[in-house]
Amino acid sequence: MTTKAFASQADLQEKKVTFSKLSDNAYAYTAEGDPNTGIIVGDHAVLVLDTQATPVMAQDVIRRIREVTDKPIRYVLLTHYHAVRVLGASAYGADHIIASQDTRDLIVERGEQDKASEIGRFPRLFRSVESVPPGLTWPTITFSGKMTLWLGSLEVQLLQLGRGHTKGDTVAWLPSQKILFSGDLVEFDATPYAGDAYFKDWPGTLDNIARLEPRALVPGRGAALTTPEQVRAGLAGTRDFIADVRARVEAGVAAGKDLKAVYRDTAEFLRPKYGHWVIFDHCLPFDVTRCYDEVTAYPDPRIWTAERDREMWAALEG
Ligand SMILES: [Zn+2]
């Protein structure tokens, strides 16, 4: 038996970037399952949603933005705190970095550990990691529940619709165009990362997104969904994956199995259905570990450190 390379360390193949136009105001920077960046163009300013992992990687987003508008990039939204989405923020020179208060609380509590952990997991996504300024990415504006940003005549609602991928998840919603930017709450043809998740809450949060009836949706990973049918498929795929992990883990715990046995069972059960999704092998050990924690003794996600990542991997994959 060969040992699986840790997390995404064996994933070194560059992805092809697509810059999709959803409307005159909404664009998606996607890359075959790598973390996406959303772009909202208002009357006088641009809002960037999730930044890429490093300032050097963010330069490619800026280059694409400059192909469609010369308006200044004044706002960055962090949909949640994960390093792979926030550490490129300084490249945009924005006036304001916006996040939910819950996201800021997570940056205070575990931002340093998450930075070290994610840099170890994703060597390809942290290209030119030396361009990340020292310290962490801090929001300059925080909100709880709902905040409305008026980009001239364009209304942008920033909404916390419930916990799911993390405690602080925020979506951006253009009510006049029914376009939604979900962050990692929704993935498409990519495995949801649930190492910091709330399994019990996530499906209900997806129902809250569905209730808005988006006609287009930019997921956290995967192609932009540009029809209501595609949006429904993206929501259903994510919901099914989370429900399937939880059901298998609950059954294993009820049967008195330990984490390693539960992981083996769950991986075997899920692989035929989801094994072709991007980063399946990377995510599953983290997802099952978090779900096992939630079902047993830890209502809130424990902090991942670079060391805990390796110990968990050795225990489950060794
Ligand atoms: Zn994330």
Side-chain angles (χ1 to χ4, degrees), residues 7-8 11 28-31 33-38 48-54 57-58 76-89 97-100 102-107 109-122 124-126 132 136-137 139 158 160-172 180-199 201-202 205-206 209 217-222 234 237-238 241-242 245 277-280 282-287 289-291 294 300-306 309:
S8 287
D11 169 10
Y29 179 98
T30 67
D34 277 357
N36 294 338
T37 291
V48 168
L49 306 97
D50 292 337
T51 74
Q52 301 292 311
T54 67
M57 294 186 73
V76 165
L77 172 74
L78 311 178
T79 63
H80 60 287
Y81 78 102
H82 283 147
V84 74
R85 295 179 175 276
V86 313
L87 293 181
I97 296 175
I98 308 169
S100 67
D102 290 321
T103 288
R104 188 178 190 284
D105 292 345
L106 287 170
I107 297 171
E109 181 191 60
R110 56 183 70 192
E112 286 289 357
Q113 293 96 323
D114 175 67
K115 179 178 178 179
S117 154
E118 294 202 45
I119 289 172
R121 293 181 192 183
F122 298 109
R124 180 173 58 79
L125 293 180
F126 281 92
V132 175
L136 301 172
T137 302
L158 309 180
Q160 286 184 280
L161 296 176
R163 301 186 298 192
H165 175 69
T166 70
K167 180 176 80 170
D169 295 337
T170 298
V171 305
L180 188 124
F181 297 80
S182 70
D184 280 326
L185 275 172
V186 182
E187 313 291 21
F188 186 70
D189 276 346
T191 311
Y193 173 71
D196 301 308
Y198 290 83
F199 277 83
D201 295 4
W202 198 332
T205 304
L206 295 173
I209 292 175
L217 185 151
V218 179
R221 289 172 176 265
T238 306
F241 177 87
I242 294 302
V245 172
W277 282 359
V278 173
I279 63 168
F280 178 83
H282 169 152
C283 288
L284 207 62
F286 293 97
D287 291 6
T289 300
R290 166 57 195 144
C291 192
E294 183 177 309
D300 291 300
R302 287 190 282 157
I303 296 174
W304 290 104
T305 64
D309 286 4

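What's counted below: heavy atoms across the whole structure, side chains too, no hydrogens, waters or symmetry copies. One-based numbering, in listed order, for ligands and for the atoms of each.
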Discussion item. So that I can check it, does any N, O or S atom in Asp196 come closer than 2.8 Å to the Zn ion (ligand 1)?
Written reply: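 So Asp196 does not count as coordinating the Zn ion (ligand 1).
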Worksheet item: Just checking, Arg104 and Tyr81: is the charged tip under 6.0 Å from the six-membered ring centre and within 45° of the axis?
Response: no
Discussion item. Please determine whether side-chain contact (heavy atoms from CB on, under 4.5 Å) holds for the pair Tyr193 and His82, giving the CA-CA distance in whole Å, both sets of side-chain angles, and the decisive distance to 0.1 Å.
Written reply: CA-CA 11 Å; Tyr193 173 71; His82 283 147; 3.9 Å; yes
Fill in: Angle, OD2 of Asp184 through the Zn ion (ligand 1) to NE2 of His80 - 10° precision
90°
Worksheet item: Only one of Thr205, Asp169, Asp102, Thr170 clears side-chain hydrogen bond (donor to acceptor under 3.5 Å, both in side chains) with Gln160; which?
Response: Asp102
Fill in: Short side-chain donor-acceptor distance under 3.5 Å, His80 and Asp196
no
Worksheet item: His82: which N/O/S atom is nearest the Zn ion (ligand 1)?
Response: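 The closest N, O or S atom of His82 to the Zn ion (ligand 1) is ND1.
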